[in-house]
Amino acid sequence: MTEAPRTIRVLIADDQRVVREGLSMLVGLIDGVEVVGTACDGADAVRLAEAHHPDVIMMDLRMPDTDGIAATADLRERLPAVRVLVLTTYADEDAIVPALQAGARGYLTKDASAEQIEAAIRAVHAGQTHLDPAVQERLVAAVISRPKAVEPPPVPGLGQKLPDGLTAREAEVLTLLASGLSNAEIAKQLYLSNATVKTHINRIFAKTGARDRAQAVRYAYQHGLATPVQ
């Protein structure tokens with residue numbers, strides 16, 4: 001006897017209520033797909049994902065507080081089995097590359113049709129990568145035109161257990177911060193959005209007890225995450 005295919009459980013994250021409700025109705029009509037929740041920002045998406053364990057999260061990128069890129073990176077560490085499908089207004093390199101590097105498996109723009117959304121959900125759930133054709137073109141163009149990337153400096157002490165629950169990415173951001181780079185320079189170096197870098201720095205402050213960048217720099221030197229320039 002053939003076993004019926006398992007229902008695909010989807011979580012929707014978007015800061016606009018009308019978009020969340022519209023997507024919820026549209027996705028709920030897809031055969032074999034169930035909407036298990038809707039989130040208003042990235043932090044809410046992570047919280048609901050931990051509670052409901054969806055198969056796929058449809059993630060907007062530009063949201064207040066915790067944006068979609070930071071949430072996607074967080075989910076990759078907390079719930080690696082969950083697949084993120086970005087659905088956003090933005091299709092520029094500064095949005096596409098950080099989202100994919102954070103762990104997104106699919107990327108659609110909000111002018112996608114119902115059929116395209118269904119195909120993307122099924123593809124991402126099956127473990128495939130699904131990119132909007134326009135996104136693919138921009139990504140290829142960006143790779144072709146980009147000069148050879150400069151490798152970021154190594155993070156001292158990463159062979160050891162990181163202190164105070166810092167993640168590898170947070171340690172990397174802290175090392176660059178300690179080397180004197182601005183948020184914008186860190187974002188460019190790591191191919192992240194400025195908002196994501198700000199989120200990482202806020203988490204670094206919270207975990208290390210630093211009240212400002214100067215204290216964070218001192219912490220980095222004290223814990224071997226930065227070395228003085230010779």
Side-chain angles (χ1 to χ4, degrees), residues 42-43 46 59-78 80 84 86 88 90-105 107 129 131 135-136 138-208 210-230:
V46 173
M59 184 80 74
D60 188 19
L61 291 185
R62 307 286 169 87
M63 294 185 286
D65 300 323
T66 304
D67 66 14
I69 293 172
T72 298
D74 200 3
L75 285 163
R76 183 172 61 179
E77 292 187 11
R78 295 171 184 252
V84 173
V86 170
T88 182
Y90 307 93
D92 55 279
E93 180 191 352
D94 290 341
I96 298 167
V97 174
L100 296 178
Q101 288 186 323
R105 299 297 298 270
Y107 198 111
T129 299
L131 302 179
V135 169
Q136 290 185 49
R138 294 199 181 196
L139 193 57
V140 170
V143 171
I144 291 172
S145 63
R146 177 179 293 162
K148 187 176 179 181
V150 177
E151 288 294 321
V155 180
L158 273 191
Q160 309 165 7
K161 184 177 179 181
L162 293 169
D164 295 312
L166 290 173
T167 65
R169 177 61 91 185
E170 288 163 356
E172 195 172 16
V173 170
L174 180 54
T175 296
L176 293 175
L177 185 154
S179 71
L181 270 60
S182 67
N183 286 15
E185 289 169 333
I186 294 172
K188 186 174 181 180
Q189 183 91 348
L190 299 180
Y191 298 111
L192 300 174
S193 69
N194 287 342
T196 299
V197 171
K198 185 177 179 182
T199 297
H200 283 312
I201 290 175
N202 286 338
R203 288 179 179 170
I204 290 166
F205 284 180
K207 290 180 179 181
T208 64
R211 292 192 301 273
D212 53 35
R213 295 175 80 92
Q215 289 189 355
V217 170
R218 184 163 64 247
Y219 177 95
Y221 282 111
Q222 289 173 342
H223 290 81
L225 296 175
T227 54
V229 178
Q230 299 299 320

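Computed from a prediction, not measured in an experiment: that's the story for all the values here. One-based numbering along the sequence shown.
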For V46, what residues pass the side-chain contact (heavy atoms from CB on, under 4.5 Å) criterion, not counting sequence neighbours? E50, A71, D74, L75, R78
Residues at least two apart in sequence or cross-chain that pass side chain to side chain donor-acceptor pair (under 3.5 Å) with E185, listed by chain then number, are S182
Reported CG-to-NZ distance for the pair N194 and K188, which is rounded to 0.5 angstrom: 11.5 Å
Test of understanding: with salt bridge (Lys or Arg N to Asp or Glu O under 4.0 Å), list the residues that count as partners of R76, not counting sequence neighbours. none
K198: which residues meet the salt bridge (Lys or Arg N to Asp or Glu O under 4.0 Å) condition with it, sequence neighbours left out? none
How close do V86 and A104 get, heavy atom to heavy atom, and via which atoms? CG2-CB, 3.7 Å
All salt bridge (Lys or Arg N to Asp or Glu O under 4.0 Å) counterparts of R105, not counting sequence neighbours: none
Starting from the C-alpha separation in whole Å, work towards a yes-or-no answer on side chain to side chain contact (heavy atoms under 4.5 Å, CB included) for R169 and L190. CA-CA 9 Å; R169 177 61 91 185; L190 299 180; 3.7 Å; yes
Would L131 and L100 satisfy side chain to side chain contact (heavy atoms under 4.5 Å, CB included), going step by step from the backbone distance to the final call? CA-CA 10 Å; L131 302 179; L100 296 178; 4.1 Å; yes
I need the minimum non-hydrogen distance between Y107 and Y90, along with the two atoms involved. OH-O, 2.6 Å
Taking atom OG1 of T167 and atom CD of E172, what is their separation to the nearest 0.5 Å? 9.5 Å
Output for pair (I186 CD1, H200 NE2), nearest 0.5 Å, gives 10.5 Å
Minimum heavy-atom separation for P98 to A95, with atom names? CD-O, 3.6 Å
Please name all residues satisfying side-chain contact (heavy atoms from CB on, under 4.5 Å) with A210, sequence neighbours left out, ordered by chain then number. F205, T208, Q215, A216
Could you point out which residue of N183, L176, I69 forms a side chain to side chain contact (heavy atoms under 4.5 Å, CB included) with V197? N183
Between CG of L177 and CD1 of I201, what distance do you get to the nearest 0.5 Å? 5.0 Å
Just to verify, what does A70 make a side-chain contact (heavy atoms from CB on, under 4.5 Å) with, not counting sequence neighbours? T66, D67, T196, T199
Report the residues that fulfil ring-ring contact (aromatic ring centres under 6.0 Å, His included) with Y219, sequence neighbours left out, ordered by chain and then residue number. H223
Mind checking what makes side chain to side chain donor-acceptor pair (under 3.5 Å) contact with T129, not counting sequence neighbours? none
Enter the distance from L174:CG to R213:CZ here, rounded to the nearest 0.5 Å. 10.0 Å
Do K207 side-chain atoms and G165 backbone N/O form a donor-acceptor pair below 3.5 Å? yes
The salt bridge (Lys or Arg N to Asp or Glu O under 4.0 Å) partners of D60 (sequence neighbours excluded) come to K110
